[in-house]
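Input: a single structure, listed below in structure tokens.
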Amino acid sequence: GGRKILATYHPAAVLRNYELRPAVVADCIKANRESQFAELRLTERHLHINPGRDDLQSWRERLHAASHIAFDIETKARQITCIGFAPSKTEAFVVPFWNLDGTNYWEKAEDEILAWKFVKEIMEGPAIKIAHNGIYDSQYLYKYRIVPKNFTQDTMLFFHALYPALPKALGFLGSIYANERSWKAWRARGSDTHESKREE
């Protein structure tokens with residue numbers, strides 16, 4: 001019916017388990033913020049998820065020009081399946097190494113080598129790096145002999161330092177700050193670019 005809905009824990013649950021209270025308070029703060037306007041504020045975002053060899057060069061220039069780069073990796077079977085780079089809040093570039101069915105994304109070995117060189121160059125470049133629980137990501141990058149340079153901002157650690165009583169998982173932060181749906185479901189099969197509108 002055109003109404004905004006925000007789900008949170010039932011007050012009775014908070015009375016039984018007081019550890020839930022900080023999350024409910026955070027949700028109430030968000031509800032108050034959202035009540036200031038009727039519409040959903042949407043931001044158009046471009047997620048480039050199925051790159052080719054030529055895309056690596058164009059994105060190399062884009063990422064080298066960025067002062068800050070957020071990065072995130074996905075893993076399976078103790079290997080990196082893809083890594084994403086975001087030079088702004090509206091655009092991100094994903095370098096995949098596995099297809100969703102577990103096969104190799106790059107058909108030619110030389111293209112996969114170029115992709116790894118691209119990742120190493122960006123991670124070891126001068127831009128300030130931002131991650132959530134970057135200690136996890138870094139340990140995998142170290143296995144590939146990639147040492148992140150200027151990795152000075154970890155949103156999980158910063159948030160936990162400010163609000164130690166609240167959950168610090170990325171899903172929780174996304175829910176209270178950005179209203180994001182599950183980002184792991186964004187990668188569509190057979191699409192070169194995913195364009196979405198999400199709340200700012």
Side-chain angles (χ1 to χ4, degrees), residues 43-151 153-156 169-171 173-175 178-198:
T43 298
E44 187 172 341
R45 298 187 178 172
H46 302 278
L47 308 178
H48 306 269
I49 57 177
N50 288 320
R53 178 177 178 147
D54 294 340
D55 297 316
L56 297 176
Q57 179 57 38
S58 61
W59 269 89
R60 177 180 283 108
E61 297 170 5
R62 172 74 179 90
L63 292 170
H64 274 310
S67 60
H68 293 69
I69 297 173
F71 71 94
D72 184 36
I73 68 169
E74 297 297 327
T75 62
K76 187 174 182 180
R78 298 186 178 182
Q79 295 184 53
I80 295 175
T81 59
C82 67
I83 180 166
F85 299 103
S88 74
K89 67 179 182 179
T90 61
E91 197 165 30
F93 180 68
V94 177
V95 182
F97 294 100
W98 288 21
N99 290 312
L100 295 177
D101 61 5
T103 58
N104 196 340
Y105 176 83
W106 301 96
E107 294 180 6
K108 297 180 180 178
E110 55 265 30
D111 290 343
E112 183 173 348
I113 291 170
L114 282 176
W116 280 116
K117 287 182 177 179
F118 171 88
V119 169
K120 182 177 177 66
E121 183 179 341
I122 300 305
M123 289 306 305
E124 296 182 354
I128 293 173
K129 310 304 185 306
I130 306 165
H132 188 85
N133 191 16
I135 295 173
Y136 176 85
D137 294 41
S138 296
Q139 69 171 328
Y140 275 90
L141 292 167
Y142 291 154
K143 287 171 56 177
Y144 290 80
R145 298 186 180 180
I146 298 172
V147 181
K149 297 289 195 306
N150 297 322
F151 174 34
Q153 300 184 29
D154 190 312
T155 54
M156 185 186 80
L170 187 58
L173 270 67
S175 73
N179 295 348
E180 296 291 359
R181 71 184 174 106
S182 175
W183 47 87
K184 293 185 185 290
W186 281 12
R187 186 171 187 235
R189 297 171 188 260
S191 174
D192 292 332
T193 304
H194 178 81
E195 295 186 8
S196 62
K197 288 191 175 180
R198 298 282 175 263

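In this structure the side chain of E74 reaches within 4.5 angstrom of the side chain of D72, judged on heavy atoms. Counting only heavy atoms from C-beta outward, the side chains of F97 and V119 approach each other to under 4.5 Å.
Checked against ring pair (Phe, Tyr, Trp, His ring centres under 6.0 Å), Y142 has no partners two or more places apart in sequence or in another chain. Scanning for ring pair (Phe, Tyr, Trp, His ring centres under 6.0 Å) contacts around F85 gives an empty result, with sequence neighbours left out. Residues forming a side chain to side chain donor-acceptor pair (under 3.5 Å) with R53 (at least two apart in sequence, or on another chain): D111. With sequence neighbours left out, the side chain to side chain donor-acceptor pair (under 3.5 Å) criterion links T90 to S88. Not counting sequence neighbours, the partners of K149 by the side-chain contact (heavy atoms from CB on, under 4.5 Å) test are E124, V147. Residues satisfying the side-chain contact (heavy atoms from CB on, under 4.5 Å) criterion with Y140, sequence neighbours excluded, are I73, T75, R78, I80, Y136, K143.
Rounded to the nearest 0.5 Å, atoms CD (Q57) and CG (L114) are 10.0 Å apart.
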Item checked: Evaluation steps, side-chain contact (heavy atoms from CB on, under 4.5 Å), between N50 and Y105 -> CA-CA 9 Å; N50 288 320; Y105 176 83; 3.7 Å; yes

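K120 and R145 make their closest contact through NZ-O, 2.7 Å (heavy atoms, listed as atom of the first residue, atom of the second, distance).
Between W59 and F93, the angle of the ring planes stays under 30°, which puts this pair in the parallel group of the 30/60° scheme.
Other residues, nucleotides and ligands contribute more than 12 heavy atoms inside 6.0 Å of the CD atom of E110.
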